[in-house]
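See below for the structure under consideration.
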Amino acid sequence: MVTLGIESTAHTFGIAIIDGKEILSNVTDSYTTEEGGMIPVKVALHHEEVYRKVLDVSLEKAGKTMEDITLIVYSNAPGLGHALRIGHAAAKSLSMKYDLPLVGVNHCIAHLEIANLVTDAADPVLLYASGANTQIIAYDEGKYRVFGETLDIGIGNFVDTFARNLGLGFPGGPKVEQLALNGSEFIELPYTVKGMDISFSGLETHTKRLIPQVQKEDLAFSVQEHVFAMLVEVAERAMAHIGKNELVLGGGVACNKRLQEMCKIMCSERNAKFFCPENQYLVDNAAMIAWTGQLMYEHGITREGINPYERTDEVAVTWRS
Ligand code: ATP
Ligand code: FE2
């Protein structure tokens, strides 16, 4: 089965081609700004503009033509309505033109399934840390359950807002990571863990006020130490509570080397295994969409339409026994 997957839930538009378990191409083009954040209409325009080029490059890299494709998959939830609609339209038109089945995939679940494919994790807890989402997820009785999550904004959106307040562009995560490397003084900041859940809005207000008063390198360093410790704490609590001894990372924020290091230390201290897919499978990508849709299709599932608000634990995971 040769599957073409389309990702378009947020700032990244991507198309990947996979053949069974082999990823033949995984091409993305992301909306960025030098100043300010994401404007949904502009994101959609970006996706529309790059669609044809991303499709051509992906097919070429895979050494395939549209005639070789046997299944079309796209991310249909959750995400920005404006952006989802572009991916859906592209997928639908390809499926009609080439008379191919169509499967809509939940993007958050795809972050987990790709980790199962590209790492040796068997039944892990996923620390999913992206722009819009921050969740601790694990499989239990027919669903990917959310054991802990942010009570307000996603960690990436928090880091991006912090970066914007510092006058840096979007996405801010990599810029804050660089700044933090030159920070040395630890500034105490709000640390909000509530059971298995976490919250960033208090920290957002607090850091905004501190920006003019302290060295920005020290603040970036301290922000990272706090928010990553919060993530590691809830991930560890979930692992202990549900008795799983594997941790995998997912989401763009998981590209951060300091977060990876802290997760690795936590896992080694509790004799658990730590897995981190390479960056191209952490950030939003279409390979994870293609792979998840293919799994679903092989188990008789097709889905259509878009659902900007679908939660991870609303999807019946009937493709996993
Ligand atoms: P989702 O729809 O799953 O919420 P997303 O649209 O936010 O995903 P991702 O590519 O998973 O997309 O994550 C993007 C986020 O990752 C941005 O907020 C960005 O700042 C952050 N990020 C990327 N690299 C790093 C890094 N090195 N350190 C911290 N954050 C990072
Ligand atoms: Fe994502």
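Whatever order the structure lists them in is the order used to number ligands and atoms, beginning at 1. Since we're looking at a predicted model, the values are computed, not measured. Every heavy atom of this structure was used, including side-chain atoms; hydrogens, water molecules and symmetry mates were not.
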Original post:
What atoms of ligand 1 come within less than 4.0 Å of a heavy atom belonging to His111?
Top reply: 3 (O)

Original post:
Do any nitrogen or oxygen atoms of Asn157 lie less than 3.5 angstrom from nitrogen or oxygen atoms of ligand 1?
Top reply: no

**OP:** Please indicate whether any nitrogen or oxygen in Phe228 is less than 3.5 Å from any nitrogen or oxygen in ligand 1.
**Re:** no

Subject >> Numbered atoms and elements of ligand 1 in range of Tyr128, under 4.0 angstrom, heavy atoms >> reply: 1 (P), 3 (O), 4 (O)

Subject >> Nearest-neighbour protein heavy atom for atom 15 (C) of ligand 1, which is reported as residue plus atom name and distance >> reply: Gly131 N, 3.8 Å

Original post:
Does a side-chain N-to-carboxylate-O contact under 4.0 Å join Arg237 and Asp197?
Top reply: no

Original post:
Which single N/O/S atom of Asp284 lies at minimum distance from the Fe ion (ligand 2)?
Top reply: OD1

Original post:
Which ligand 1 atoms are under 4.0 Å away from a heavy-atom of Gly251?
Top reply: 11 (O)

Original post:
Side chains of His111 and Asp284: do they bring a donor and an acceptor to under 3.5 Å?
Top reply: yes

Original post:
Is there a donor in the side chain of Thr312 and an acceptor in the side chain of Gln135, or the other way round, less than 3.5 Å apart?
Top reply: yes

Original post:
Does Cys108 put an N, O or S atom under 2.8 Å from the Fe ion (ligand 2)?
Top reply: no

Original post:
Got a sec: does the CD of Glu261 have more than 12 other heavy atoms crowding it under 6.0 Å?
Top reply: yes

Original post:
Among the clusters formed by ILVMFWY side chains lying less than 4.5 Å apart, do Val73 and Ile15 turn up in the same one?
Top reply: no

**OP:** Give me the ring orientation class for Phe186 and His226: parallel if the planes are under 30° apart, tilted from 30 to 60°, perpendicular past 60°.
**Re:** parallel

Subject >> Residue, atom name and distance, where the atom is the protein heavy atom closest to atom 1 (P) of ligand 1 >> reply: Ser130 OG, 3.2 Å

**OP:** Considering only non-hydrogen protein atoms, determine which one is nearest to atom 21 (C) of ligand 1 and report residue, atom name and distance to 0.1 Å.
**Re:** Val253 CG2, 3.8 Å

**OP:** Please confirm whether the backbone N or O of Lys175 pairs with a side-chain atom of Gln178, one donor and one acceptor, at under 3.5 Å?
**Re:** no

**OP:** Considering only non-hydrogen protein atoms, determine which one is nearest to atom 27 (N) of ligand 1 and report residue, atom name and distance to 0.1 Å.
**Re:** Glu177 OE1, 2.7 Å

**OP:** Decide if the gap between the ring center of Tyr31 and the ring center of His11 is smaller than 6.0 angstrom.
**Re:** no

**OP:** Any atoms of ligand 1 less than 4.0 Å from a non-hydrogen atom of Val283? List them with their elements.
**Re:** 10 (O)

Original post:
Strictly under 4.0 Å, does any heavy atom of Asp160 approach an atom of ligand 1?
Top reply: yes

Subject >> Any Asn133 heavy atom less than 4.0 Å to ligand 1 >> reply: yes

Subject >> Nearest protein heavy atom with distance in Å, relative to atom 6 (O) of ligand 1 >> reply: Asp284 OD2, 2.7 Å

Original post:
Could you go step by step and tell me if Lys92 and Glu304 meet the salt bridge (charged side-chain N to carboxylate O under 4.0 Å, His left out) rule?
Top reply: CA-CA 9 Å; Lys92 181 95 189 163; Glu304 273 224 36; 3.1 Å; yes

Original post:
Of the protein's non-hydrogen atoms, which lies at the shortest distance from atom 23 (C) of ligand 1, and what is that distance?
Top reply: Gly252 O, 3.4 Å

**OP:** Compute the centroid of each ring, for His206 and then for Phe162, and state whether the two points are separated by less than 6.0 Å.
**Re:** no

Subject >> Sidechain-backbone polar pair: Thr134 side chain, Ala129 backbone, donor-acceptor under 3.5 Å >> reply: no

**OP:** Could you tell me which atoms of ligand 1, counted from 1 in the order shown, lie closer than 4.0 angstrom to a heavy atom of Gly172?
**Re:** 20 (O)

Original post:
Are Leu4 and Tyr281 in one and the same hydrophobic cluster, where Ile, Leu, Val, Met, Phe, Trp and Tyr link if side-chain heavy atoms are under 4.5 Å apart?
Top reply: no

Original post:
Ala10 heavy atoms, cut-off 4.0 Å: which ligand 1 atoms fall inside?
Top reply: 6 (O)

**OP:** Looking only at protein heavy atoms, identify the closest one to atom 28 (N) of ligand 1 and say how far it is in Å.
**Re:** Asn256 ND2, 3.1 Å

Original post:
Which ligand 1 atoms are under 4.0 Å away from a heavy-atom of Ala132?
Top reply: 4 (O), 7 (O)

**OP:** Could you find the nearest protein heavy atom to atom 30 (N) of ligand 1 and give me its residue, atom name and distance?
**Re:** Gly173 CA, 3.3 Å

Original post:
Which of the atoms in ligand 1, numbered in the order shown and given with their element, are less than 4.0 Å from a heavy-atom of Pro171?
Top reply: 19 (C), 20 (O)

**OP:** Using non-hydrogen atoms of the residue, decide whether Pro174 is closer than 4.0 angstrom to ligand 1.
**Re:** yes

**OP:** Could you tell me how the ring of His47 sits relative to the ring of Phe13: parallel (under 30°), tilted (30 to 60°) or perpendicular (over 60°)?
**Re:** tilted

